[in-house]
Amino acid sequence: MKLIWLGHSGFRLEIADQVLLIDPWLDGNPAFPEDRKGEATAGATAIVLTHGHGDHSSSTLAIAKELSIPVYGIYDLISWWSETEGIEGIGFNKGGTVMAGDVAITMVNALHSSSIGGVDGPQYAGAEAGYMISGEGKTIYVSGDTDVTADMAIWNDLHAPEIGILCAGGWFTMNMSRAAYAAEKFFNFKTVIPCHYKTFPILEQSAEAMIEALPDVDVIEPEVMVAIDL
């Protein structure tokens with residue numbers, strides 16, 4: 001299993017028979033080198049989208065159309081895009097599990113907001129979500145954009161994820177300390193990978209607070225386009 005950070009909250013996850021692009025914001029992402037876009041998307045089999053905000057979704061339609069791959073995400077947004085944009089969409093909802101080849105994707109709750117830009121201002125884009133992604137005998141929790149929520153204890157009981165990809169930049173989501181609290185309080189992670197940080201000056205620039213708070217967890221500060229073997 002291989003994970004590659006695409007900057008901000010974007011990841012390329014090579015798992016079982018799938019190459020999943022999670023929130024692949026590539027165009028206009030100051031943390032992503034645009035000359036490596038082809039490398040980042042090569043062989044992708046599907047896109048997994050947590051919510052509609054542009055720093056997560058704005059490259060989705062272009063990539064889906066260019067590669068002719070499906071997009072997995074909240075039913076409201078995905079069904080609308082399927083009808084209006086002609087993409088293959090797999091729309092489902094929280095608590096639901098769908099299969100992408102040999103990989104199980106379960107949508108779980110997140111605590112944030114979700115909209116996309118329109119001519120008259122922000123437009124409804126369904127609800128924000130996170131995911132439990134299971135394959136190769138392991139489960140990864142992708143938090144999406146969220147704050148700490150007590151629901152996390154239930155998800156750990158149901159899914160027991162070994163790996164957590166946690167938003168941790170603060171201001172718009174949990175910061176490093178709150179994400180570390182969630183990891184310690186509700187989960188039994190072996191590995192935690194922070195995201196949604198460094199991209200802009202307003203966000204946290206270091207994972208040191210998380211590393212210090214989780215001495216028994218392998219906290220990996222990802223580097224853009226550098227593979228992590230899980």
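Aromatic ring centres of His56 and Trp25: separated by at least 6.0 Å.
Side-chain atoms of Glu14 do not come within 3.5 Å of backbone N or O of Lys2 as any donor-acceptor pair. A donor-acceptor pair is defined here as one N or O able to donate and one able to accept, closer than 3.5 Å; no such pair exists between the side chain of Lys198 and the backbone of Gly7. For Glu136 (side chain) and Met1 (main-chain N/O), a donor-acceptor pair under 3.5 Å exists by modelled atom type. Listed for the Gln205 side chain is a donor-acceptor partner under 3.5 Å among the backbone atoms of Phe200. Side chain of Arg12 to backbone of Ala40: a donor-acceptor contact under 3.5 angstrom is found. Using a distance-only test at 3.5 Å, with no hydrogens or angles considered, no donor-acceptor pair links the side chain of Lys185 to the main chain of Ala150. Between the side chain of Asp147 and the backbone N or O of Met174, no donor-acceptor pair lies under 3.5 Å. The main-chain N or O of Asp151 is never found under 3.5 Å from a side-chain atom of Asn109 such that the two would form a donor-acceptor pair. A donor-acceptor pair under 3.5 Å links the side-chain atoms of Glu162 to the main chain of Thr139, judged by distance alone.
Between Ser59 and Pro24, the closest heavy-atom pair is CB-O, 3.1 Å. Of all heavy-atom pairs between Pro33 and Val224, the closest is CD-CG1, 3.7 Å. The two residues Glu204 and Tyr197 come nearest to each other via the heavy atoms O-CB, 3.3 Å. When every heavy atom of Pro161 is checked against every heavy atom of Phe189, the shortest pair comes out as O-CD2, 3.5 Å. Leu49 and Tyr131 make their closest contact through O-OH, 2.7 Å (heavy atoms, listed as atom of the first residue, atom of the second, distance).
Here the CD-OG distance, from Glu88 to Ser82, works out to 8.0 Å after rounding to the nearest 0.5 Å. Atom CG of Leu158 and atom OG1 of Thr106 lie 9.0 Å apart (nearest 0.5 Å). Taken from CD1 in Ile15 to OG in Ser134, the straight-line distance is 7.0 Å, to the nearest 0.5 Å. Note that the CD1 atom of Ile78 and the OG1 atom of Thr60 stand 7.5 Å from one another [nearest 0.5 Å].
Between His112 and His53 the shortest side-chain heavy-atom distance falls below 4.5 Å. Here the side chains of Ile140 and Ile165 are in contact, with some heavy-atom distance below 4.5 Å. Side-chain contact between Leu166 and Tyr141: present, with at least one pair of heavy atoms (C-beta onward) separated by less than 4.5 Å. Using a 4.5 Å heavy-atom threshold, the side chains of Leu20 and Tyr72 count as separate.
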Practice item. Could you please spell out the steps behind the salt bridge (charged side-chain N to carboxylate O under 4.0 Å, His left out) verdict for Arg36 and Glu39? Key: CA-CA 5 Å; Arg36 302 187 70 178; Glu39 181 183 348; 2.9 Å; yes
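In the displayed structure, Phe92 atom CZ is contacted under 6.0 Å by more than 12 heavy atoms of other residues, nucleotides or ligands.
Residues Lys190 and Asp218 are not paired through a salt bridge, judged by the lack of any N-O separation under 4.0 Å between the basic side chain and the carboxylate.
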